[in-house]
Every structure is written in C-alpha cells, then in structure tokens.
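See structure below.
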Amino acid sequence: MITVPDLLNHYPCRLLAGVPDKERAVSGGYACDMLSWVMSRLETGDVWLTILNSINVIAVASLADCACVLLTEGVVMEQEILDKAVEKNLVILGTDLPTYEAAVALNQVLQTGL
C-alpha cells in the first residue's frame, strides 16, 4: 500500500498544504483539468494531477475524497486557497514535472509499490 507520506518520500513533489495521513492509501491517479469531467471520474483514493489553481479545485477534491491534489508544471496556489484546503482536510502537493511525466512517475511508484 502506498500512502501520501510515501509519495512525499519517493516521488518528486513537495507539500504545499495539509497534513498527510499516514493511513491514507493512494489507489490511483487521475489527470484532467475540466472540472465537470473530473467530478464524474475522480475516485476516492486517487491523486488528482492538475494545473488548475482555483478554489473550485478544493471543492471538487473534497467532494471526490481524493487522496490528494498534485499541482503539476510548477503551478502555485494562492495562500487563501491553500488555507481552504487545510480547512477541508485536503493535502495539496506540487511538482515541477509536466503533467504527462508526473502521471508516468506516479504510475511507476504505484506499480512498483516503492
């Protein structure tokens, strides 16, 4: 089982907001930036890879109960949005990797189990 803290230790990302739960399993990943599409397909336990940086990301991630949001391509969020993520018990990670490379790297971590 891979957890969000495992990602922080074995994946090229950094913690932007939230407290990673040592028991929260990461079951997969989903990369998409169209919110309506994400709302119908993001699953509990997924890492959501996106370049979106609006308050709507927090709402969708909370609704889907995803493991965490991973901002790709070096995207940053405003502090008030990160604060809202903390309020909703969401974890926001960031990486400088392009979205495709971030997805491939996540898949490798999930397939190998670290």
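No experiment lies behind these values; they were computed from the predicted model shown.
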Considering residues at least two apart in sequence or located in another chain, which fulfil the side-chain contact (heavy atoms from CB on, under 4.5 Å) criterion with [X]?
X	answer
Gln108	Val104
Glu43	Asp46
Ala31	Leu49, Thr99

How would you list, by chain and number, every residue that makes a salt bridge (charged side-chain N to carboxylate O under 4.0 Å, His left out) with [X], sequence neighbours excluded?
X	answer
Glu87	Lys84
Asp83	none
Asp65	Arg24
Arg41	none

Pairing residues for Asn53 by the side-chain hydrogen bond (donor to acceptor under 3.5 Å, both in side chains) criterion, not counting sequence neighbours =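 By the side-chain hydrogen bond (donor to acceptor under 3.5 Å, both in side chains) rule, Asn53 matches no residue at all.
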
Residues forming a side-chain hydrogen bond (donor to acceptor under 3.5 Å, both in side chains) with Asp33, sequence neighbours excluded |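 side-chain hydrogen bond (donor to acceptor under 3.5 Å, both in side chains) list for Asp33, sorted by chain: Thr50.
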
Scan residues 66-77 for pairs that pass salt bridge (Lys or Arg N to Asp or Glu O under 4.0 Å), counting only residues two or more places apart or in two chains.
->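 Every pair satisfying salt bridge (Lys or Arg N to Asp or Glu O under 4.0 Å) with a residue in residues 66-77: there are none.
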
[X] and [Y]: which non-hydrogen atoms are nearest, and at how many Å?
X	Y	result
Val86	Gly18	CG2-N, 3.5 Å
Ala67	Val91	O-CB, 4.4 Å
Cys66	Trp48	SG-CB, 4.5 Å
Glu23	Met1	O-CE, 4.3 Å
Gly29	Leu106	CA-CD2, 3.9 Å

Under 4.5 Å between any side-chain heavy atoms of [X] and [Y], yes or no?
X	Y	result
Val26	Thr3	no
Pro98	Thr72	no
Ile58	Ile92	yes
Val57	Val69	yes
Leu71	Met77	yes
Leu70	Thr95	yes

What distance separates Asn56 CG from Ser36 OG, expressed to the nearest 0.5 Å?
->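 These two atoms lie 11.5 Å from each other.
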
More than 12 foreign heavy atoms under 6.0 Å from CD of Gln79: is that the case here?
-> yes

Look at the side-chain heavy atoms of Ile, Leu, Val, Met, Phe, Trp and Tyr, link any pair under 4.5 Å apart, and say whether [X] and [Y] land in one connected group.
X	Y	result
Val4	Val109	yes
Leu93	Ile2	yes
Val75	Leu42	yes

Please tabulate, for side-chain N and O atoms in residues 7-15, each donor-acceptor pair with protein atoms closer than 3.5 Å (sequence neighbours left out).
residue	atom	partner	partner atom	Å
Asn9	ND2	Pro5	O	3.2
Tyr11	OH	Ala102	O	2.6
Arg14	NH1	Gly94	O	3.3
Arg14	NH2	Asp96	OD1	3.3

Show which residues join Val76 in its hydrophobic cluster (side-chain heavy-atom contacts under 4.5 Å, direct or indirect), or state none.
->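 The other cluster members (ILVMFWY side chains, heavy atoms under 4.5 Å, direct or chained): none.
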
